[in-house]
Amino acid sequence: MHRLLRLAALLFCIGIGCQSAFAVQSVRVPVDADAIDLTGAVEHYSAQGDRIQVSTAPGADGIVRRIEVSALEAGGQPSWIVFALTNDSDEQLVRLIVAPHYRLVGSGVIWPDLGSTRITTITASEGNPPERDDRVDSDVFRLTLDPGTTVTYVAELRTPNLPQIYLWEPDAFKEKATSLTLYQGIVIGIAGLLALFLTIVFVVRGALIFPAAAALAWTVLAYVCIDFGFWRKIFGFEDEAERIWRAGVEATLGATLIIFLFAYLNLRRWHVRYSHIAAVWLLLMAAVVALSIYNAPIAAGVARISIATVAGVGFILILNMAARGSDRAVMLIPTWFLLLVWVAGASFTVMGTFTNDLAAPGLIGGLVLIVMLIGFTVMQNAFSGSNVSNVRGADAERRALAMTGCGDAIFDWDVDLDQIHVGSEIEGQLGLKRGALEGPAASWLDVLHPMDRDRYKAALDGLLQQRCGRINHDIRLRAADGHYFWFVMKARPVVNAEGEVVRVIGALSDVTEIKTAEERMLHDAVHDNLTGLPNRELFFDRLDTALVAARKPGASRPAVLVIDIDRFKQINEAIGLSFGDSVLLTVARRLARNLAPGDTLARLAGDQFGAIVMMDDSAGQIDEIAETIRNNLATPISFGEREVALTVSIGAALFDPQLPSKGSELLKDAEIAMVNAKKNGGNHAAYFEPAMRAQRSDRPSLEGDLRRALDRGEIKVFFQPIVRLEDRTVAGFEAVLRWQHPRLGLLSAADFMPVAEETGLVVDLGIFAMQQTARELSAWQKALEVEPPIFASINVSSRQLLRHDLLKDVQATLNRSFVLRGTLKLELTESLVMENPEFAAQMLQRIREIGAGLSLDDFGTGYSSLGHLQRYHFDTLKIDQSLVRQNAVGARPVILRSVIAMAHDLGMDVVAEGAETESDAVELSQLGCEFAQGFAFGQPLSAADARKLMGAEAG
């Protein structure tokens, strides 16, 4: 019967357009219950009209009644809930229906529920309707249950969602609200004090880490105030405004976590990609904050995902940097781990896994605790002093003047601020704007040479990690015009009381000129100074490399060509050295045009060039290349109104991989072929054949004998007297070499020195002559204590001068022989000096410093020494015999007197060569010349005869 009645009622309601419901189950309300959770006991009805008809719960008499409830606004479609309460006691009960506006539990991650007014009104089936209490964070209705009654309540909802609804005993609810308010006040107070304190720290210490921590603290304070309803109580926010603020603050929380992590770990120092990622992320968070105005739930969902991502990715990054030795990362691990745990707990809470009422307040308190731990972590940097001594007064002034005087610029890196300060003179030198070099350490990577960047970063990171040590590195900085300047950076770390590096202080010294000189010296050591081509040493190095590569299967075979200019000596004598240099430059340029990029062209000797040409197995290519070279060089060279046609003799030798030949042997074969080409009258090219070795002249044979001459004791040192014209006494000697050949007899230096120059034996001969001369000179000076002391001079060849070991050889000789300072003189020709002026200037200066004298030989045969005499600081000037001898009309050159006067003005002694008669000696003395040597004063003497002569002088 009841079912029929219910069906009839349902059909009736459908006919009139209202909704009907079945009877609800009643919830018993005990007298001593403080709170009852009604969330699972209510029945929900979706929005299908502006009226609802429900069946009440059975009363004490067991009768089920029907009631109809209309919405507050006609035509609306609200959602409804229905629940029933039973008071089976004999007391009247007063209870509170409480539905919180926002509940973190179950709010969701994607499109979360950000809170709102939940219940519009509640209608009771009997008795007085519940009265609404005025609260900002919950919908609270006060109801009265008479003894022994069952009342059904129909509540109209403002939103479809109802996260929670409780039935509270009024005193218990008041006590709970009071306790929660106290807790909220404490948390808000701690968060506010923490934010204020970190802000004060930021004012005291301006490093980026402190405003980042302060911003995080202020954001957490804002979040706490919103979640606890503090701002709504103060500013009277509406529901929609509170949702916007909640979403915006959650997005700001994610952004401040990124800023803090970036600043604390100093990711901006070197990790540019981290800077880019952080910048993009922050822009995304800014967009989310703006999005919260238009769609707060979507913005809050993105913000919550971002916070979880920052926590996870940040923890991985912290572990990575801690593994690489970052102390800051190690100290942040515990705090960030707690943040990761907090994020996990918050995730379970918003997804409804954790439903306890204490979950949300606990999470808020935990967030404040994490920020407090972050504050403690950064506090160690708050008041740590730089420990840089504040040098005051005169001491500071002296230090500043010393830096200015030595030409250095200050380098100061404030590690906490990550700011570099340098002297303005560096920026001015580089042509940069003031402040261009000041900023983060990473900003220098843009102006550093690419090859110096890794060393620069490693040096600074090493100081920060080791907290000790020094930097002493050469770096290159790019000027505004693109050129690089060399600087030496010397710096050391400054640590505070806690052992942290707070500054790196040092100086920058400009060493561009020194580096340029070193590079030039290194270049000149393996290149010809006139033509810029590789010299003999570099030629051999590349030839050996080519031979190693040629032994591989299928590789190209190198051919060596030796090109010698025919009659070049006659050209020099006829036209002059200046034109001779032009000829060599022209030949070098023309030869270079005939070679491929992989080939090598070098200047082997004065007028002799060598080429390494990579070829296939066809030997005919050599003839073709040689013919092309001869034709190109045959074009006349103009000099003023004259034209000079050149011819060359070419010798070629092709590498045979089947023979164990060396680079020197291959060059020797090419030289033999070149000699054969010259035998045929020059202007000819010859290809080496083994039979040519049997046809060699005495010169190669002489070379073999010369290699063994020193070991056999066949090389002798002779001494030609140098006479003081004033009193005809012997002032010194010039050492000359003679070779007592077992077959050819006594040979002069002119007979074997060219061979020694070409083979490199001249170095050993020069050392031998220097040691023998120094030994004899020491003996003379000990036997004859005269003033001025006896001196001796030794000729130096080009190979000796270009060797870096020359200084060691001279120093060793002086140390062993104990000769007076400046009495052992090294003679150099002006052409030898001008082959490499810069290198010669440095070498001669060092020779003077270690105690040897310097003599410029054969003055007058060249053209360039007049402008360089003062630069090289020679002790003695030896005038060539071409200026001393009388001309065809019996007069001496007019320039002789000027040369002697000029030498005296420069503080040099003058030695005239070629004095053959007594009249020559008299006239030279009248011109002011102090010394002379020549046939008039004797031929070169052996060491024994020289000792006898000195003994006679002593007697």
Side-chain angles (χ1 to χ4, degrees), residues 204-210 263 265-266 268-270 325-328 380-430 432 434-449 452-477 485-512 514:
V204 176
R205 296 282 295 169
L208 181 60
I209 184 176
F210 302 114
L265 296 179
N266 278 330
R268 65 172 179 167
R269 184 173 298 155
W270 311 126
S326 174
D327 292 338
R328 285 192 173 188
Q380 63 176 340
N381 299 305
F383 300 104
S384 57
S386 63
N387 278 2
V388 180
S389 300
N390 295 321
V391 185
R392 301 178 181 273
D395 190 26
E397 183 179 357
R398 284 192 296 269
R399 289 174 181 262
L401 290 175
M403 292 290 291
T404 304
C406 66
D408 293 346
I410 297 174
F411 176 87
D412 181 11
W413 179 32
D414 189 323
V415 178
D416 293 335
L417 296 177
D418 192 17
Q419 288 289 316
I420 289 180
H421 302 278
V422 295
S424 58
E425 58 271 20
I426 297 292
E427 295 167 333
Q429 180 180 353
L430 298 177
L432 302 176
R434 182 70 184 98
L437 294 179
E438 296 188 355
S443 64
W444 275 46
L445 298 179
D446 295 332
V447 296
L448 277 170
H449 192 279
D452 297 335
R453 292 171 184 171
D454 291 339
R455 183 171 53 177
Y456 165 77
K457 293 192 295 184
L460 294 183
D461 288 341
L463 291 183
L464 297 183
Q465 294 175 9
Q466 299 176 9
R467 306 176 186 178
C468 61
R470 290 180 179 273
I471 297 177
N472 190 351
H473 290 316
D474 295 337
I475 60 174
R476 284 162 287 186
L477 298 178
F485 285 81
W486 280 94
F487 294 91
V488 173
M489 184 170 72
K490 298 180 180 180
R492 65 176 181 84
V494 178
V495 298
N496 58 17
E498 288 75 23
E500 289 288 334
V501 177
V502 294
R503 302 183 89 86
V504 175
I505 298 178
L508 290 171
S509 304
D510 183 12
V511 292
T512 304
I514 297 175

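Here, residue 1 is the first one in the sequence, and each next residue gets the next number. What you are looking at is a predicted structure, and each value in this text was computed from that prediction instead of being measured.
- Listed by chain and number, the residues in a ring-ring contact (aromatic ring centres under 6.0 Å, His included) with His421 amount to none (sequence neighbours excluded).
- Every residue two or more places apart in sequence or in another chain was checked for a side-chain hydrogen bond (donor to acceptor under 3.5 Å, both in side chains) with Arg492, and none qualifies.
- For Arg470, there are no salt bridge (charged side-chain N to carboxylate O under 4.0 Å, His left out) partners, not counting sequence neighbours.
- Residues satisfying the side-chain hydrogen bond (donor to acceptor under 3.5 Å, both in side chains) criterion with Asp474, sequence neighbours excluded, are Lys515.
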*Show your reasoning for whether side chain to side chain contact (heavy atoms under 4.5 Å, CB included) applies to Phe485 and Arg476.*
CA-CA 5 Å; Phe485 285 81; Arg476 284 162 287 186; over 6 Å; no
*After noting the C-alpha distance and the side-chain angles of Ile420 and Glu438, does the key distance pass the side chain to side chain contact (heavy atoms under 4.5 Å, CB included) rule?*
CA-CA 5 Å; Ile420 289 180; Glu438 296 188 355; 5.9 Å; no
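- Separating the NE2 atom in His449 from the CG atom in Leu477 is a distance of 11.0 Å, to the nearest 0.5 Å.
- Under the salt bridge (charged side-chain N to carboxylate O under 4.0 Å, His left out) criterion, Asp412 pairs with Arg503, not counting sequence neighbours.
- Applying the ring-ring contact (aromatic ring centres under 6.0 Å, His included) rule to Trp486 yields no partners; only residues at least two apart in sequence or on another chain are considered.
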*Hey, mind stepping through Val488 and Leu508 against side chain to side chain contact (heavy atoms under 4.5 Å, CB included) and telling me if it holds?*
CA-CA 6 Å; Val488 173; Leu508 290 171; over 6 Å; no
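- Two residues are said to be in side-chain contact when any heavy atoms from C-beta on lie closer than 4.5 Å; Trp444 and Arg453 fail this criterion.
- With values rounded to the nearest 0.5 angstrom, Ile471 atom CD1 is found 12.0 Å from Ile505 atom CD1.
- Counting heavy atoms from C-beta outward, Val504 and Val494 have side chains that stay 4.5 Å or more apart.
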*Do Val422 and Trp413 pass the side chain to side chain contact (heavy atoms under 4.5 Å, CB included) test, and can you show the C-alpha distance, the side-chain angles, and the key distance before you say yes or no?*
CA-CA 9 Å; Val422 295; Trp413 179 32; over 6 Å; no
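- The shortest side-chain heavy-atom distance between Phe487 and Leu430 falls under the 4.5 Å cut-off.
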